[in-house]
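Structure first, then comments.
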Amino acid sequence: MTPTDHAQRLQTRTAWLFVAPLLVILFAVAIWPLARTIFFAFTDAYLDDPANYGFVGFSNFVTVWEDTIFWRAVSNTLIFTVVSVAIETVLGLAIALLLHRAFFGRGLVRAAILVPWAMPMVVSTRIWDWMLNDQFGLINRILIDLGIIAKGIAWTADPTLLLGVVIFIDVWVTTPFMVLLILAGLQLIPEDLYEAAEISGVPPWKCFWSITLPLVAPAIGVAMLFRTLDALRMFDLSYVLAANNTNTMTMSIYARDQLISFQDLGVGSAASTWVFLIIGFIAILLVGLLRLDRSQH
Amino acid sequence: MASVTLKNVSKHFGIYDVIQNVDLDIADGEFMVFVGPSGCGKSTLLRLIAGLVPVSSGDVLIGGEKVTDVPASKRGISFVFQSYALYPHMNVSRNISFALETARIGKAEIAKRVDAIAKMLKIGHLLERRPRQLSGGQRQRVAIGRALVADPEVFLFDEPLSNLDADLRTEMRFEIAKLHANIKTTVIYVTHDQTEAMTLADRIVVLNHGRIEQTGTPRELYDRPSSRFVASFLGSPKMNFAPVSMAGGRLAGPGGFSYAPVLAAAAAPSEIGLRPEALALSRASAGGAIEGIFERMEDLGHEYLCYVRVGDGLIWTIRGNDTPPDFLPGSTVHILWRPQSLYLFDKEGARLDHGSMKSAAEGAA
Amino acid sequence: MAKRYSNATYRLIRRLKAAGLYAAVALVLVYILFPYYWAIVTSTKSAQAIYGFSLLPSLDFSNYAQLFTNRVFMGALVNSIAVAFASTLIALVIGVLAAYGFGRLHFSAGRYLLIAVLMISVLPQVAVLSGMFEVIGWLRLYNSSGALVVSYLILTLPFTTWILTSFIRDLPVELEEAALIDGCSRLRILTHVLLPLMWPAIASTGLLAFILSWNEFLFALTFILTDENRTVPVAIGLLTGSSRYEVPYGLVMAASVTVTLPLLVLVLIFQRKIVAGLTTGAVKG
């Protein structure tokens, strides 16, 4: 049914009306603040007196660029992102395959799996913080009882271990989310493909490698994309665990720190803009990769 | 030797008995068809033989060896699925040869086998295409090709033609029959279409609610159905039925039906059956004819079908291929029949022999 | 025929595989659920018992008593509920309207706008922090729940819009066509024809948006300065004793359990719809 020109114009106008509130509000809470942040990056304003400022060109950006702590934060964030997304993808795939095969209790497990996701990251962090406590934490107790170590490890006090702890906690919280997304992709694969392969005598590893993996790859790709963009923005976990400790500081923590701790609107905004650019660049890269992959199929 | 034997096989899912105590012997090289209405368990039975579903009790034997717990890949069978189950991300050539990739056969040998199969099924020009670029009939051939390349001892088909158009079905039926003549493997074929069953089978198994109603050649099942169920399932248009009562050795039924059959001692017929092609219509009454009201005539070109109302609400179909009659709707007509074509059923649905029907050599008139 | 082992062996293999499968599933369940169980156990232990390692809850509810008499915490609960509720409500209303526009009405800019909405949902929160300070200050909402209701829209709005758009697209077109022929206005179609069908989707989307708002930390930490206006995640995050070694873990665990239990119950009830909502968005993306 092709609407006439008049009908199409009417529909277009109505559509704009329905979408208008959304656009107005999103402009007000997202686009405008983002633009202002970038604007302030070029000024020397301070948070206590934002109306008073002068333009300083790119010097704020240079200040951030030259700050070793900024680069520490960037490297922390990148390491965190790469490692946790990798672990979450592999573990998520493994658990999804498990749930896909298991008939009974699948509903129960799917419900249970939402538990870590539904909790505030703060709560998960504090629970694991408690479990990893060097004197009274359960983990250390179990390790000592198993004879693996002699004395409790100060997981959250040892600077070399901190980033690892952050990754560990994030894996616990987020793997279930990956499981759900990958499971949805697995469930789209028709069961009789596997029956046909089974009857032809194809061994299980080859079924996985040549049937499952290629067909679930799009779902995994999307899940990895979302997870990566989320991980690059991480704030709560590191902050609650170790506040401004440079071993776990993420880009977001750094930017906020400049803004709040130093009250420096100019430099803080520049840092925020850098974060935005880095994440934007990586996002475009990944989407491009995904699109390329899809067009090949 | 690739005979297939089922010994007292049962299958239940929870409290549902899907297959109940099935005993069956299929000879090597035979084309056996499982037929029955939806939900009768024919696909389940096929999957039990294939090993895709484990039995609840009983034994499955292939080639004389017990394979009841042996996994599907080790039973020497091939399976063609109703939905073809082609790997969507592989081309036709790989779909056919996929299983051979782990079989330690060289690439040259694999290519040779694929080419041979492609030639036999006339899909050589499609080898580079993906399944989504193929028509239904082509996908069907690829599915058959994939099953063939495994060189199976038993070939299983699960309603392979249900998803095809009518013309394509006829063509593919012919192809499958030709294939069987060529490779001479044992074939077990599941369908709900009685035409496919009648035309392809060496022998047919009619299933009803998980039990075997009757096993036999198409002709046996058509001419001498063991039950009302089989009688009404095979044959198109369906057999006509009417309830009758027995009094003093004489059967009385709607439309003035009256007949005194020669019966075995305890036999108590409660229903009669007559096939549409065994009937004729006449304006005038003749001895023993059934009276009814003429409803409608459908002229199909190569044959005609007449619908006559007999008794309350009972509509009988009469089939003929001479000159179509010109009765007026609403006029009284008489249905002529012969005792040799009469089927008698008791109230459990079992068919009863009677004098004129005893000889197996005489078929429907 | 390639049969290699006896039927009995194959039966055994099949049973071992099934046992292994369910053992693995049990392991996964322990990994996922045990920490939360441990939090519950810890929260019911007295201050002394915490330093023991018994795995069973000791049914000492003194931590909870302490929690519920703590004015800051109770206030935080109220604040969180109010903020999450308000933000979710606004996001749902506006989201449904927008979803109808994107999902049903065809206009050429629609596809690009939808992608723009998606891009907003992956914006890092810090990127809008400076500008948001200005907006909040300008609206004089600094250090009030209003600041959070406004700023949370950047999270909840794209989310509800995206998910509700996919849901609306899945509804049958015939219903609307019938209503259009009868002369209904578009708004009426939305409220009287589509909304009744969408209640389950709206409920679960609302729940998800509620959880998003409830769990938010960065804005709540930055825009709220005084204890009486805090929200729960920040309250729990800042719950410390005077030194590192005096963290009142029992209390922290009690707070954690209190804050999450109602959420979990709701999530478990709606789990099917929630999973559908989350995965629809991703799969269609």
Side-chain angles (χ1 to χ4, degrees), chain A residues 11-12 14-15 18-19 21-22 25-26 29-30 32-34 36-37 40 50 95 98 101-102 105 109-116 118-123 126-128 130-131 136 138 141 176 180-181 184 222-223 229 233 235-236 240 252 255-256 259-260 265 268-269 272 275-276 279 283, chain C residues 21-22 24-25 28-29 32-33 35-36 38-39 42 51 53 94 97-98 100-102 105-107 110 120 122-124 126-132 134-135 150-151 153-154 157 161 186 211 215 217-218 222 233 236-237 249 252 256 259-260 263-264 267-268 271 274-275 278-279 282-283 285:
Chain A
Q11 200 175 100
T12 306
T14 323
F18 273 97
V19 172
L22 173 78
I25 295 192
L26 276 187
V29 296
W32 174 254
L34 180 63
R36 287 302 274 177
T37 304
F40 278 121
I95 298 179
L98 203 65
R101 287 283 137 224
V109 181
R110 245 198 355 207
I113 239 169
L114 288 175
V115 165
M119 301 198 280
M121 184 64 108
V122 180
V123 167
R126 303 234 67 182
I127 293 180
W128 277 104
W130 167 235
M131 285 180 72
F136 306 108
L138 191 65
R141 174 98 237 140
L180 284 179
L181 289 188
V222 169
L229 294 179
R233 309 185 273 171
F235 179 88
D236 307 12
V240 171
S252 295
R256 182 185 167 278
L259 197 61
I260 305 298
L265 190 54
S269 301
S272 301
V275 172
F276 172 68
I279 295 186
Chain C
L21 190 69
Y22 289 106
V25 171
V28 168
L29 276 178
I32 301 282
L33 296 177
Y36 191 64
W38 185 241
T42 307
Y51 303 111
F53 289 99
I94 305 207
L97 288 174
Y100 186 59
F102 285 128
L105 304 170
H106 302 254
F107 61 124
I120 291 181
V122 294
L123 259 187
V126 269
V128 301
L129 208 54
S130 312
M132 196 62 93
E134 212 193 14
V135 173
V150 168
S151 56
L153 288 175
I154 198 183
L157 253 187
T161 305
R186 290 285 184 181
I211 293 178
N215 294 352
F217 188 77
L218 177 57
T222 310
I236 293 184
Y249 280 112
V252 175
S256 304
V259 155
T260 48
L263 276 185
L264 288 183
V267 162
L268 289 178
Q271 58 106 343
I274 291 178
V275 172
L278 284 177
T279 53
V283 167

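These values consider heavy atoms only, across backbone and side chains, with no hydrogens, waters or symmetry-generated copies. Reminder, nothing fancy here: chain letters follow the sequence lines and each chain counts from 1. Bear in mind the structure is a predicted one, so any value in this text is a computation, not a measurement.
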ask   = When you check the side-chain N and O atoms of Ser256(C) and Arg126(A), is any donor under 3.5 Å from an acceptor?
value = no
If one checks every heavy atom of Leu138(A) against chain C at 4.5 Å, the contacting part turns out to be both
Okay, Leu264(C) and chain A: the region with an atom under 4.5 Å from a heavy atom over there is side chain
Task: Chi angles and distances behind the side chain to side chain contact (heavy atoms under 4.5 Å, CB included) call for Leu33(C), Val115(A) - done: CA-CA 7 Å; Leu33(C) 296 177; Val115(A) 165; 3.9 Å; yes
Bottom line for Ser151(C): the part with an atom under 4.5 Å from chain A's heavy atoms is neither
Under 4.5 Å to a heavy atom of chain C? For Val240(A) that would be side chain
Sorted by chain and residue number, the ring-ring contact (aromatic ring centres under 6.0 Å, His included) partners of Phe18(A) (sequence neighbours excluded) come out as Tyr100(C)
Applying a strict 4.5 Å limit to non-hydrogen atoms, the region of Leu218(C) in contact with chain A is both
Bottom line for Ile211(C): the part with an atom under 4.5 Å from chain A's heavy atoms is side chain
* Taking Ser272(A) for the side chain and Val126(C) for the main chain, is one N or O donor matched with an acceptor at less than 3.5 Å? -> yes
In this structure, CH2 of Trp38(C) is separated from CE of Met131(A) (nearest 0.5 Å) by 7.5 Å
Ranking Pro233(C), Gly101(C), Ala24(C), Pro124(C) by heavy-atom pairs under 4.5 Å to chain A gives rank one to Pro124(C)
Phe40(A) meets the ring-ring contact (aromatic ring centres under 6.0 Å, His included) criterion, sequence neighbours left out, with none
Applying a strict 4.5 Å limit to non-hydrogen atoms, the region of Ile95(A) in contact with chain C is side chain
Applying a strict 4.5 Å limit to non-hydrogen atoms, the region of Ile127(A) in contact with chain C is both
The interface call for Ile32(C) against chain A, heavy-atom contacts under 4.5 Å, is both
Separation between CD1 (Ile94(C)) and CD1 (Ile25(A)), nearest 0.5 Å, reads 3.0 Å
When rounded to the nearest 0.5 Å, the distance separating CG of Leu29(C) from OH of Tyr22(C) is 12.0 Å
Check your understanding: Donor-acceptor pair, Thr37(A) side chain versus Ala127(C) backbone, under 3.5 Å?
Key -> yes
When the 4.5 angstrom heavy-atom criterion is applied to Pro176(A) and chain C, the contacting part is side chain
Whatever's closer than 4.5 Å to a heavy atom in chain C on Leu34(A) counts as both
The interface call for Val28(C) against chain A, heavy-atom contacts under 4.5 Å, is side chain
Exam field: side chain Arg233(A) to backbone Leu123(C), donor-acceptor pair closer than 3.5 Å: yes
So, the part of Ile120(C) with a heavy atom under 4.5 Å from chain A: the answer is side chain
Under 4.5 Å to a heavy atom of chain A? For Val122(C) that would be both
Counting heavy-atom pairs under 4.5 angstrom with chain C, the leader among Ile279(A), Thr12(A), Leu229(A), Leu26(A) is Leu26(A)
| When you look at CZ of Phe276(A), are more than 12 heavy atoms from neighbouring residues, nucleotides or ligands closer to it than 6.0 Å? | no
Max heavy-atom pairs within cutoff under 4.5 Å with chain C, candidates Val123(A), Thr14(A), Val275(A), goes to Val123(A)
